[in-house]
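Okay, so here's the structure we're looking at.
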Amino acid sequence: MSIIARTGPGRFGVYGGQFVPETLMPGLSELERVYDEARSDPEFQVEFHALLKDYSGRPTPLYRARNIEREYGGQAVIYLKREDLNHTGAHKINNCLGQVLLARRMGKMRLVAETGAGQHGVATATVAAWAGLECTVYMGEVDMERQAPNVARMEMMGAKVVPVLSGARTLKDATSEAIRDWVTNVDTTHYIIGSVVGPHPYPTIVRDFQAVIGTEAREQILAAAGRLPDQVVACVGGGSNAIGIFSGFLADDGVELFGVEAGGSNQGHAAALCLGEPGVLHGSYSYLMQDDDGQVLPAHSIAAGLDYPGVGPEHSHLKDTGRVRYDTVTDAEALAACADLARREGIIPALESSHALAFARKLASGAPAGRIILVNLSGRGDKDMSSLEGAAHE
Amino acid sequence: MSEAALRLDAFARERRDTGGKLLVPFLTAGYPDREGFSLLLEAVAASGCKVLEIGMPFSDPVADGPVIQAASQQALDRGVTMRRVLAMAAEARERHGLQVILMGYLNPVLKFGPEKFAAACTEAGVSGLIVPDLPHEESAPLRALMAERGVALIELLAPTTGTGRMASLGRSARGFLYLVSTTGVTGAGGPGDLTDTVARVRAACDQPVCVGFGISDPGTAARVCRLADGAVIGSALLRRVAEAADPTAAAAAVKEFLTEVRAAIAAQGESS
Ligand SMILES: Cc1ncc(COP(=O)(O)O)c(C=O)c1O
């Protein structure tokens, strides 16, 4: 018998739920109520979409990468959804712009966030500066080192970056610390979670704010190619950029969807969906990397934004239903894909997004002529320069 | 309801009805190490406490502050597993006659298998269970499973819990209600004035109420017990263990501290 009830708040199949301390439950109810009102409030939608356009620069372009098509074998047609061209350099800003408007509706004066790659931290610091709110970002010490430029950006915009020294000192530990802050300051503070993870209603809210990626991409590819893509590929850390682009194509049965997790190296992996099993971490029931005693295992990925042992509950459901296929790409394959895009297209992708590119290369090799592959280029790689230089010297 | 849950229900109620207060110490299983933990059990029993909360270590304890996080990590580093936790609970029950409440996060229970876990709890003589990341909305299936085996799933209430919600929690709660003293994690700054919160709980629920989180000294425990039926002390106790030179000194410090707290609670009872 499972003690995870199939019915309950925020289920995706059996996954999701609200596994958090009692102290947070009223805060989650408030968020749910305010989000429900906002979602159906035309004024909210107008303000959100105006910010996406005028502040972040949406719609982001859809770019046909002909050089990389040749590099990948010449048969497949490859489109990149350029989320790297957003203000702040990744898709994370989409979610943060929506959530800061929710924070304002709730009258919260302070934002907290966790960050791995620093992209979500930067996006949160950005919207905090814009809205005049106080901002604290928790970041594992290991990540502060490997994503140093993003720490400097957050501080420049007035955020306080708090190093997290517990556990593996990466994203999982930063998330635990952000939750502890929120438990303590729930009356004054809104927690902007950075992916489609956490307790209900977060996975739904973040998905809805990221759905703009899929909505745009669907229109753009119909305009550019005259038809839907055959395959859509995105990297999966918590899964927000993936859900964002998939949401535009979930109802199109003919479009194959691929989520790419971090296969890591001999130091470990971060493939919760491919190699984990269901469990509870950070407020939701979902696939999880854990040992035989139910302790959460440390993850490993060269991409700090994928270096997380859990995954969003909707992905767990999409895995079980078979609508999305999940696979892995190693650190080395991601590094190679990053270098290829830089050299062939003059675009330096984030190491997270490079996982999607590396998988697209596998799909493209041996593909029939004319197959259309759409890759979500979730972010740019400026933040990764020290990791990239380090890898080049090895 | 079977024997153990009755035991905790009846015990807590009887205490309350006779004006007695419940001091519930919290220890992390296998901390500071296996032998050291046994010494701490002896110290708890020798101090006169009747109920003990034993923390089941977890890698990601989001409701815990630095002291319990560190204790939990140290226990895990020393190889504490669920099986060993249950053996330690049995030791507390059988050797020292303590009523044992296990406190731990949901995932290790899920992984162990909830039915197997419930059976093992009965076998170890466990009276109660606290799962801080299993709120009321999600707790019904586990509560039923544990109740079948005679183990009380204790519900947590927080200062942020609305009065209507308190009433619905009270309807299903077993053993006693655990009132979290502040919005925050374990070991955080002490509770403020709980008069209103406790009054709200009393109005909405009829179970005995114990207060925990941030109760760090005898005076605070006594103040809390003026309003509530008991107090839970965790971080303050584990801090004494962490600061002691060795496990024997830790046990002595725990016994001394709990004795002081009990005296302070008793003195406040007499003066009121
Ligand atoms: C550029 C980029 N892509 C992807 C991710 C992974 O997150 P998600 O799976 O939520 O898209 C991150 C996270 O930091 C990121 O910075």
Side-chain angles (χ1 to χ4, degrees), chain A residues 1-10 16-30 165-168 172-173 175-189 199-200 277-285 288-298 309-310, chain B residues 56-66 69-70 73 76 79-84 104-115 117-118 131-146 155-162 165 169 178 180 182-185 188-189 213:
Chain A
M1 183 197 119
S2 171
I3 55 151
I4 304 290
R6 275 199 165 266
T7 52
Q18 293 183 306
F19 299 93
V20 294
E22 168 63 20
T23 309
L24 292 180
M25 292 302 288
L28 291 174
S29 309
E30 181 192 15
L165 307 179
S166 55
K172 172 186 75 122
D173 313 292
T175 306
S176 294
E177 216 42 47
I179 293 174
R180 291 188 187 108
D181 182 312
W182 195 37
V183 168
T184 307
N185 300 300
V186 61
D187 289 341
T188 59
T189 298
H200 173 71
E277 58 183 311
V280 167
L281 176 69
H282 295 150
S284 64
Y285 182 64
L288 177 63
M289 292 167 53
Q290 53 180 310
D291 70 12
D292 291 342
D293 217 40
Q295 305 297 337
V296 180
L297 289 169
Chain B
M56 309 189 275
F58 182 50
S59 51
D60 298 85
V62 294
D64 286 301
Q69 281 177 53
Q73 192 55 52
L76 289 176
V80 172
T81 59
M82 189 65 96
R83 284 252 164 251
R84 292 185 186 169
Y105 293 82
L106 185 58
N107 199 56
V109 174
L110 287 179
K111 179 72 190 184
F112 193 83
E115 268 152 353
F117 177 75
V131 184
D133 58 348
L134 190 69
H136 190 59
E137 279 72 1
E138 308 279 1
S139 67
L142 185 63
R143 184 171 45 250
L145 194 59
M146 299 308 290
E155 301 267 3
L156 295 155
L157 305 178
T160 52
T161 308
R165 186 175 166 81
L169 284 161
Y178 188 128
V180 174
T182 54
T183 58
V185 293
F213 282 42

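Both backbone and side-chain heavy atoms feed into the values below; hydrogens, waters and symmetry mates do not. Numbers restart at 1 for each chain; the letters A, B, ... are given by sequence-line order, proteins then strands.
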Against chain B, label [X] side chain, backbone, both or neither, depending on which of its atoms sit under 4.5 Å from a heavy atom there.
X: A/Pro26; value: side chain
X: A/Asp187; value: side chain
X: A/Val186; value: side chain
X: A/Leu297; value: neither

task: Could you give me the CA-CA distance, side-chain angles and deciding distance for B/Tyr105 and B/Asp64, then say whether side chain to side chain donor-acceptor pair (under 3.5 Å) is met?
output: CA-CA 11 Å; B/Tyr105 293 82; B/Asp64 286 301; 2.7 Å; yes
Nearest 0.5 Å, please: how far is [atom2] in [Y] from [atom1] in [X]?
X: A/Trp182; Y: A/Thr188; atom1: CH2; atom2: OG1; value: 11.5 Å
X: B/Asp133; Y: A/Ile179; atom1: CG; atom2: CD1; value: 10.0 Å
X: B/Leu142; Y: B/Leu106; atom1: CG; atom2: CG; value: 7.0 Å

Residue part contacting chain A, namely of [X], when any heavy atom lies under 4.5 Å:
X: B/Pro57; answer: backbone
X: B/Leu169; answer: side chain
X: B/Phe58; answer: both

Main-chain N/O of A/Met289 paired with A/Glu277 side-chain donor or acceptor, under 3.5 Å: no
message: Between A/Thr23 and A/Thr184, is there a side-chain heavy-atom distance shorter than 4.5 Å?
response: no
Between A/His282, A/Glu177, A/Gln290, the one whose heavy-atom pairs under 4.5 Å with chain B are most numerous: A/Gln290
query: Could A/Asp293 and B/Lys111 be called an ion pair, given the rule that one side-chain N must be under 4.0 Å from one carboxylate O?
result: no
message: Which one wins on heavy-atom pair count under 4.5 Å against chain A: B/Met82, B/Arg165, B/Glu155?
response: B/Arg165
statement: From the list B/Ser139, B/Ala144, B/Ala188, B/Gly184, the residue making the most non-hydrogen contacts under 4.5 Å with chain A is B/Gly184
